[in-house]
Amino acid sequence: MPVQLDRARLRELMAREEQRFVRTHPRSGELFEQGKRNLLAGVPMPWMTEWAGPYPVFVREAQGAHFVDVDGIEYVDFCLGDTGAMTGHSPEPAVKAIAEQATKGITLMLPTEDSIWVGAEMERRFGLPYWQFCLTATDANRFTIRLARAISGRPKIVTYSWCYHGSVDETIAINVDGATVARPGNVGPPVPPEVTTRSIEWNDVEALEAALAPGDVACVLAEPALTNIGIVPPEPGYHEALRELTRRYGTFLVIDETHTICAGPGGATRAWGLQPDFLTIGKPLASGVPAACYGMTEEVAQRVQAYMETLPSTDVGGVGGTLSGNALSLAAMRATLEQVLTDEAFERMIALGERWAEGVRGAIERHDLPWTIQRIGCRAEYWFVERTPRNGAEAAASDDHELARFCHLYALNRGILLTPFHNMALMSPATTEADVDLHTQVFDEMCAELVG
Ligand SMILES: Cc1ncc(COP(=O)(O)O)c(C=O)c1O
């Protein structure tokens, strides 16, 4: 019989960890108080208050898979800017390219030669021939949705309940008893989400067909696996059904590889043989310099081109961004793809992901905890349930906020940063076996304390 957790004990342990955090992080505490004078909630963005401690640690400097905070404490970083620094912090080839380009012009509204190289490399990795550049994965998704609506002449999109694709209005919806409703906590949505979106459950082929059948859906926007409510993999046959049904109903398939690039150099698209019409990706592409892009097939590109020719100018608002495709981000992207997130780097990173997952699995079994683990390539995550949920609703229902906060703070107090909002760890090219083994040891000790 798996053990049941004693909640009173959990709260006592949490209080102990909070005291330890405050005792050992005085300088971060001071900066947090100072920050409250000019920054809302004391931080640059509100989500920075969501870390497990009473306040966030302020960073002094970061290098590779490690960073040091303003109290002089060193951490192994498994959060890696929630994928933005999956390259490791400040990798040398990217820093060099950024420094060189910074002396030669940062943004021009004109193309540079690096864009040619990066476009060809994206085709090599993902198989799609045509690419456009922007600054964030949110933008890549927003622009792609606009293009899909424009060339299909259809108003709606389909997304998955509890998905996350950035701050894209159309996607911040969940499915409740078959209806599309606003996801709780979304700030200031422009219109009720059912106007723009049908939200369905992941892995439900019938619901997908029902959503596409009216013939008014421009695109389905999907991650290869849900990664933002824990990792929820596709069931066997789901991607085949998704591709077949989107083709049958004349709907574009947009695959968002922003997180699933962890599956390999060409993301899950290449690793699993997916065939999207559009592909979007951002975050780590330029080692943390804002950079993102979206690709499309030959057929889609022709339709976009034909559509653009009908406009009085290329676009007056929906697809743009003055800084999109700037010289600095393209130089950083080129260096990152050519020298940092290489095919060889992925081999090492994925082996480390396996090692991390095996370490966690071993501790779960040793302490007889009713928990499980999921992994895609160099990204791994543990769940506080025995069986991985099969969709967003099940995943959301399995959330144990109190326990997750404790796991994060326990790790943080012992020099390990996990990704907030998940129990997730990501490996970079700079991560070592010793980094992974430190996590295994700390996780094992935490499990021992939890079961008493
Ligand atoms: C799958 C996915 N797509 C897009 C985004 C948006 O990325 P950004 O916030 O960098 O625009 C995220 C952010 O977490 C994401 O997880």
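These values consider heavy atoms only, across backbone and side chains, with no hydrogens, waters or symmetry-generated copies. In each ligand, atom 1 is the first atom listed, and ligand 1 is the first ligand listed.
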re atom 3 (N) of ligand 1, the protein heavy-atom contact at minimum distance is D256 OD2, 2.6 Å
Within the 4.0 Å heavy-atom cut-off, what T227 brings close to ligand 1 is neither
Is there a donor-acceptor pair under 3.5 Å between the side chain of E257 and the backbone N or O of T269?
yes
Check: Backbone or side chain, does any N or O of H259 fall under 3.5 Å from an N or O of ligand 1?
Finding: yes
Atoms of ligand 1 under 4.0 Å from any heavy atom of N228, numbered from 1 in the order shown, are 1 (C), 15 (C), 16 (O)
Minimal heavy-atom distance between T180 and R198, with the atoms involved, is OG1-CA, 3.5 Å
With nothing but distance in play, are any N or O atoms of K283 less than 3.5 Å from an N or O of ligand 1?
yes
for atom 7 (O) of ligand 1, nearest protein heavy atom and its distance come out as A137 CB, 3.4 Å
So CZ of F406 and CE of M14: to nearest 0.5 Å the spacing works out to 8.0 Å
Ranked by distance from atom 6 (C) of ligand 1, the top protein heavy atom is G166 CA, 3.4 Å
So for T258 against ligand 1, with non-hydrogen atoms under 4.0 Å, the contacting part is side chain
(Q) Do the side chains of E381 and R375 get close enough for a salt bridge, i.e. N-O under 4.0 angstrom? (A) no
Any carboxylate oxygen within less than 4.0 angstrom of a Lys/Arg side-chain nitrogen, looking at R348 and E344? no
Should the pair D114-R334 be classified as a salt bridge under the 4.0 Å nitrogen-to-oxygen rule? yes
Subject >> Salt-bridge criterion met for R390 and E201 (N-O under 4.0 Å) >> reply: no
For E223, the ligand 1 atoms with a heavy-atom partner under 4.0 Å come out as 1 (C)
re atom 9 (O) of ligand 1, the protein heavy-atom contact at minimum distance is T138 OG1, 3.8 Å
### Message
Between T197 (side chain only) and E170 (backbone N and O only), is there a donor and an acceptor less than 3.5 Å apart?
### Response
yes
For N141, the ligand 1 atoms with a heavy-atom partner under 4.0 Å come out as 3 (N), 4 (C)
